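As structure tokens, the structure follows; a few thoughts come after it.
The residues of the chain are indexed from 1 along the displayed sequence. In this text, all values refer to a predicted model and were calculated from it rather than measured experimentally.
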Amino acid sequence: MIEKIAHKLTRRPRLVALTALLMLIPSVIGYAATRINYDILSYLPQDLPSSQGEQLLEEPFQMAATSMLIVEGMPAGYTNRLIQDIRKVPGVSSAVWISNLVGIQVPVEMIPADLRDLFFSGQATMMLIQYDHPGASDETMESIRQVRKLCNERCFLAGFSVVIKDTRDVMDGELPIFVGLAVLLALAAMSVTLESTVLPFVYLASIGMAVVYNFGSNIFLGQISYITKAIAAVLQLGVTMDYSIFLYHRYEEERSHYSDKRDAMAQAIAAAFRSLFGSSLTTIAGFLALCFMRLTLGRDIGIVMAKGVVLGVATVILVLPSLVLLFDRQIDRHRHKTLIPSFDRVNGFVLRHKVPLVVLTVLLAFPAVYAQRHADIYYKLDESLPRDLPSIVSNEKLKDGFGMATSHFVVLRDDLSAADMGELERQLEKVPGVTSVVSYHKLLGTGIPDFFIPEDVKNMLRQEGWQLMMINSGYDPATDQVAAQLDAMNDILFRYDPAAMVTGEGAMYRDLIDTSAVDFQVTNYISVAAIFLIIAAVFRSVSVPAVLVATIELAIFLNQGCCYFLGTEIPFIAPTIISCVQLGATVDYAILMTSRFQEELKKGLGREEAIRAAAASSDGSIVTSALVLFCATLGVSFVSSIDLIGAICVMLARGALISALVSIFLMPAILCVCEPLFQKTSYRWKTPDPVPAGEALPTGDALPAGEALPAGETPPAPESAPGAEAVPEALPGAEAEAVPEAEGVSAALAAETASRASS
């Protein structure tokens, strides 16, 4: 089937290229129509009390989106006119200031102390603004923009929704820059590792189409997170570039055996399809492991990236061949020598010191695991933003001037007695770190008659049998102090109302911390188990996957442990993403070398000769793949002012480099030392695969069913009959395959190894 498709594709390269270009149109439309979610807390599981409380804030209270506007050093008349203008802004449901309650004619000194402390601090005053739509919605973002337009330089708009607005603005401004830089650095990496100046541009054109297809198809998800938007394109570029390189190398190998380059490309497509299927499985498994996170942000990233790998493979098989055929002359005309150095001396050193290097590998695991477990992690998302952003400056003023570092929202029954409410409020005010408590009962306690309280204030605090209480805290969210404060508040609240729910930034961050801790363990185990099973099926072995996964896990621990030794904090989502992505994307380095090692052993070579040949043929491919991933992700960290994005990309870049170094300097020694174990725990580890019954040998003879060729013996090249396809010969520096291509994933990896060896 694939052979027929390949034949048709290679006969109409212009039509295929034109079709691929036309498919960009709906993809761009789908990309533009896909909503970007900038609220990470919205990905929390919906069965958590904080999430359920947040739903009540949205409906019926319409308090999920609340911001605080601080006005410094302005007369009361200006603030009163400002609040009237803010109420007219589309999307603003209410704006509450002291004028709503006692009017602006009452001197500040005569205002009840509880209200005065809430709305005034020195020469500054504060008003509460509510919005009709959820905090991260496009409508609320537009409302915040218009509110800011009404304010002068002495006004400071604070709150979580405002932070989301600034995050969105920063991302929209920086995304084109760091994607462009990633492309330029990837081009630079390919220019020194590939054999043609034109070839990198052809690769990027193909991968660029795959990226656009991937982002366009996200419309079926409805929305993606801004983290996914930031890293998906760059990560897809770095991960799938290797597939393009493999197809072209296979095409180069086949060209010498066909007079028509279209036939050579058709044969390369057929071989590449089988090989890329096997090679991409581990990467896809790593990404799909993220889908098992309770924090659905993992599912968001996992689906988009797994889909990106599938579309990347499809584009390499269906589109890239046509682009190569169309630009074949230009590719040949601009050839040059690659700058990848020879690793012969390195491989010789590794083999001479293989036992000490294996011991070093084991010893490295202890500090790596310790450092990985003790790396500092932060959860408060605005810590990753530039400190000079307007929302960050405003939040600091809110914290310092009004003691509102965190605002807890409590939803509880509306039928509690006045006596119970009074006692509840007094106990909550005694909780360490609580600076103020605001409730409907509290307002009545200040001496304001019920009939005098405006309807918008009543609606803000009482709705449909529920009442809302706002508890302000001087502690920052996502800290141990807030966690202890929430425990104390819950103990008090549940005595009066077992159905009470505490939500807001503090409660949701605490749930985020608890959820992420579990997610990291679950996704790590699932990704390791899935990739273990794939490798076990490829090599038909128990010990090979254990050794390969353990070695790449060491690289992951070293990568995350660097943060501990460098004294840097990392965002909470980074360890989970890195553990799955680095394992899935870079275990291919180990698979590549191991499959080549097994192939050489089946030819009858000794352990050291086999690993020397395997390392010599694999090192160049590992360097090229790792260098592209390193450059593509490192470029983002250079320009991204959002530390969450920059930190993830730095760790991805460093992970690619560490995995490559481990594969080149440690993996050969490990494979050589562990080879006797592989022999005992693997099926047909060194035995050449049998030739199927009745299959003709190149000489015209056939082997009986189940009978294998002698070890180290290869069948001679066949004589091509007129019109028949020639059997490829080994290129210089690579050895011919000892047996006919096997079926399944192991055959795919074997074919990939032979092709990459030619590079």
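Without hydrogens or angle criteria, S225 side chain to T228 main chain gives a donor-acceptor distance under 3.5 Å. T479 contributes a side-chain N or O that, together with a main-chain N or O of D476, makes up a donor-acceptor pair within less than 3.5 Å. For the pair D415 (side chain) and G465 (backbone), a donor-acceptor distance under 3.5 Å is absent. The backbone N or O of H408 lies less than 3.5 Å from no partner atom in the side chain of N472, so there is not a single donor-acceptor pair. In this structure, the side chain of N214 engages the main chain of V304 through a donor-acceptor pair within 3.5 Å. For the pair T140 (side chain) and G135 (backbone), a donor-acceptor distance under 3.5 Å is absent. The closest donor-acceptor contact from the side chain of S637 to the backbone of G646 lies at 3.5 Å or more, if one exists at all. A donor-acceptor pair is defined here as one N or O able to donate and one able to accept, closer than 3.5 Å; such a pair exists between the side chain of E174 and the backbone of S641. D497 places a side-chain N or O within 3.5 Å of a backbone atom of R413 that can act as its donor or acceptor partner. Judged by distance alone, the side chain of R299 and the main-chain N or O of L290 form no donor-acceptor pair under 3.5 Å.
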Open item on the list: Under the criterion side chain to side chain contact (heavy atoms under 4.5 Å, CB included), I'd like the reasoning laid out for T503 against M508: C-alpha separation, chi angles, the key distance, then a yes or no.
Closed with: CA-CA 6 Å; T503 187; M508 298 187 80; 4.1 Å; yes

- [ ] List the steps and the verdict of salt bridge (charged side-chain N to carboxylate O under 4.0 Å, His left out) for D169 and R145.
- [x] CA-CA 11 Å; D169 293 342; R145 187 188 68 82; over 6 Å; no

- [ ] Please assess Y379 against Y509 for the test ring-ring contact (aromatic ring centres under 6.0 Å, His included), listing each intermediate value before the final yes or no.
- [x] CA-CA 7 Å; Y379 294 85; Y509 269 124; 8.2 Å; no

Open item on the list: Would S121 and M126 count as a side chain to side chain contact (heavy atoms under 4.5 Å, CB included) here? Give the steps.
Closed with: CA-CA 8 Å; S121 176; M126 180 194 69; over 6 Å; no

- [ ] Using the side chain to side chain donor-acceptor pair (under 3.5 Å) rule, take Q467 and S439 through it: C-alpha gap first, then chi angles, then the decisive distance, then the call.
- [x] CA-CA 8 Å; Q467 62 176 312; S439 68; 5.6 Å; no

TODO: Could you walk me through whether I129 and L157 pass the side chain to side chain contact (heavy atoms under 4.5 Å, CB included) test, one step at a time?
DONE: CA-CA 10 Å; I129 303 174; L157 192 61; 4.1 Å; yes

Open item on the list: Walk me through whether L468 and V410 qualify under side chain to side chain contact (heavy atoms under 4.5 Å, CB included).
Closed with: CA-CA 6 Å; L468 182 66; V410 180; over 6 Å; no

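Look at R426 and E429 and you find no salt bridge, because none of the NZ, NE, NH1 or NH2 atoms lies under 4.0 Å from a carboxylate O. Using a 4.0 Å cut-off between a side-chain N of Lys or Arg and a carboxylate O of Asp or Glu, K380 and E505 do not qualify as a salt bridge. For D85 and R81, the salt-bridge test fails: no basic side-chain N is under 4.0 Å from an acidic carboxylate O. Using a 4.0 Å cut-off between a side-chain N of Lys or Arg and a carboxylate O of Asp or Glu, R168 and D138 qualify as a salt bridge. The pair D511-R294 does not meet the salt-bridge criterion, since no charged nitrogen lies less than 4.0 angstrom from a carboxylate oxygen.
Atom CD of Q236 is separated from atom NZ of K307 by 8.5 Å, given to the nearest 0.5 angstrom. Taking CD1 from I70 and CE from M127, the interatomic distance works out to 11.0 Å, rounded to the nearest 0.5 Å.
Counting non-hydrogen atoms of other residues, nucleotides and ligands closer than 6.0 Å to CG of D480 gives a total of 12 or fewer. Within 6.0 Å of the CD atom in Q123, the count of heavy atoms belonging to other residues, nucleotides or ligands does not exceed 12. Under a cut-off of 6.0 angstrom, the local environment of OH in Y525 is sparse, with at most 12 non-hydrogen atoms contributed by other residues, nucleotides or ligands. R154 CZ: 12 or fewer foreign heavy atoms inside a 6.0 Å radius. Annotation: R373, atom CZ; neighbour count of heavy atoms from other residues, nucleotides and ligands within 6.0 Å does not exceed 12.
In this structure, Q521 and N524 have side chains that are not in contact, with every pair of non-hydrogen atoms separated by 4.5 Å or more.
Partner of Y131 under the side-chain hydrogen bond (donor to acceptor under 3.5 Å, both in side chains) criterion, out of S161, S67, S143, S93: S67 alone.
A search for ring pair (Phe, Tyr, Trp, His ring centres under 6.0 Å) contacts involving Y38 returns Y226, not counting sequence neighbours.
Between the side chains of D643 and S384, not a single donor N or O lies within less than 3.5 Å of an accepting N or O.
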